[in-house]
K.L.:
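Submitted below is the structure of interest, expressed as structure tokens.
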Amino acid sequence: MKAIRPSWPALVAGGLVLTLTACGGSAAAPGATSSAGDQKKLEVFSWWTSGSESAALKTMIDGYLKTSPGVEVVNGAVAGGGGGNAQAVLQTRLQGGDPPDVWQTHPGAAIQQYTTGNLLADASSVYTAEVKSAIPATMVEAISAGGKQYGVSAGAHRGNVLWYNKQLLEKAGVALPGADYATATFLADLAKLKSAGVVPLCLGAKDTFATAELFENTLLASLGSDGWNQLTGGGTGWDGEKVKAAAADTARMLQYADPDAGAMSWDQATKKLASGGCAFESMGDWAYGELVKGGAKEGDTFGYTPHPGTGGSFVAVVDTMVMAASAKNPAEAKKFLEAVASKDVQLAFNREKGSVPLRTDVDVTSLSPYQQQSAKSFAGDAIVQSVVHGEAMTPQFTQAMFDAVTQFAQSKNVDAFVQALANAAQS
Ligand code: GAL
């Protein structure tokens, strides 16, 4: 496995570039299409390119086009799960003074990198009294700077979910796991699956974030939510005993990973789980959207439980849209964010995405059983911010963590791994 940092032209060629209008449209390249002062185009930038991600993005675009039917929406999405490629492209464009009008990010440290650089337009006017009262105060705080709001969050994904193929577990005589599933039992079950001739652990290691997510979830199991907050808040070190124990457990789990992991993206690994090619996958619940999009049935083909040892904690990965301070089309960018804040779009977006609406006044009873229990968990569990998705630590730390995870997946050297993390946290 290798960190993927292709050059900008390669990414444009590899990225998904579509143009959508109310009545269809022709292909157009991002950047080249939105000339300054052009009121008829709006570029929306994201890394939503898998089947379920594209469908969810379309609900945002469709919701927006209801109020702005004449505008041509340029979909500047760049493929690569977790946004590894997209964020590299975005940095290049921001440095070159060519921002998309609107882009995808996360709260916390992720959005702060843009607010501190004065790269975002103030979105406070989207926060009407109705919107503000419907979004939990901590979530509003997480997209605010200097008392102003700079992003609109569409939904909360849960990062710490363990998915499984029911038939494969039954075939290997593995009991379906419950909310109190422990790391030791999980490791024993992985061994049982292997003995039964089943590929135990699905992994889309072509996306660096997927292996990092396995570690993140295992780290949360080792630390608990309070320990997590101390670690990410700088109160304890990244070379502590519990981090080491989590690294050692992750190394054990990786021994059971799909031998084809390096050639697969997260969504391919998830589809492999659905089709019976591998048994377990530790992955955020965008996997739910992808499983359902592929026709897999909750409770029939697949089941889920919190990642072992993390029941009662909810790793929040909150999809958030922001608009550029120097957007080519600021008026339409604001209308797009208003659409994202609407109840209709929040419901439609999350239905496809597998996440839950951030607005607490959205009726979720039409969403799936998985999403309804996730909404309860989001309301009642200990919420922690994700490192892997850029919320809890700086982008520099997250990148260093990805590089360290990539090396660790090869070397399994616990001491070198935690040392690299500790160094990154201090720099
Ligand atoms: C996360 C994002 C999700 C999903 C996932 C996989 O960072 O919040 O919406 O897209 O990456 O690509």
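Indexing begins at 1, ligand by ligand and atom by atom, following the structure's order.
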K.L.:
With heavy-atom distances below 4.0 Å as the criterion, list the atoms of ligand 1 near K353.
P.N.:
3 (C), 4 (C), 9 (O), 10 (O)
K.L.:
Within less than 4.0 angstrom of ligand 1, does G83 place any heavy atom?
P.N.:
no
K.L.:
Would you say the rings of F209 and W47 are close, in the sense that their centroids are separated by under 6.0 Å?
P.N.:
no
K.L.:
If you have a sec, work out which protein heavy atom is nearest atom 10 (O) of ligand 1 and how many Å separate them, to one decimal?
P.N.:
E53 OE2, 2.5 Å
K.L.:
In ligand 1, which numbered atoms sit nearer than 4.0 Å to a non-hydrogen atom of V317?
P.N.:
8 (O)
K.L.:
What protein heavy atom is closest to atom 1 (C) of ligand 1, reported as residue, atom name and distance in Å?
P.N.:
H389 ND1, 3.4 Å
K.L.:
Taking only Lys NZ, Arg NE, NH1 and NH2, and the carboxylate oxygens of Asp or Glu, determine whether K41 and D101 approach each other closer than 4.0 Å.
P.N.:
no
K.L.:
Output the list of atoms in ligand 1 that are nearer than 4.0 Å to some heavy atom of W47, sorted by atom number.
P.N.:
1 (C), 2 (C), 7 (O), 10 (O), 11 (O), 12 (O)
K.L.:
May I ask you to check whether Y256 and F280 place their ring centres under 6.0 Å from each other?
P.N.:
no
K.L.:
At less than 4.0 angstrom from any non-hydrogen atom of D319, what atoms of ligand 1 do you find?
P.N.:
2 (C), 3 (C), 8 (O), 9 (O)
K.L.:
At less than 4.0 angstrom from any non-hydrogen atom of H106, what atoms of ligand 1 do you find?
P.N.:
2 (C), 7 (O), 8 (O)
K.L.:
Any chance the side chains of Q399 and Q87 put a donor and an acceptor closer than 3.5 Å?
P.N.:
no
K.L.:
State, with a plain yes or no, whether a side-chain heavy atom of Y114 is found less than 4.5 Å away from one of Y150.
P.N.:
no
K.L.:
Charged N to carboxylate O under 4.0 angstrom, D300 versus K166?
P.N.:
no
K.L.:
What are the two closest non-hydrogen atoms of S153 and L358, and how far apart are they?
P.N.:
CB-CD2, 3.0 Å
K.L.:
Closer than 4.0 Å to some heavy atom of G82 - which atoms of ligand 1 meet that?
P.N.:
6 (C), 7 (O), 11 (O), 12 (O)
K.L.:
Against heavy atoms of H157, which atoms of ligand 1 measure under 4.0 Å?
P.N.:
3 (C), 9 (O)
K.L.:
Need the ligand 1 atom indices (1-based, order shown) with element for anything under 4.0 Å from a heavy-atom of G81.
P.N.:
12 (O)
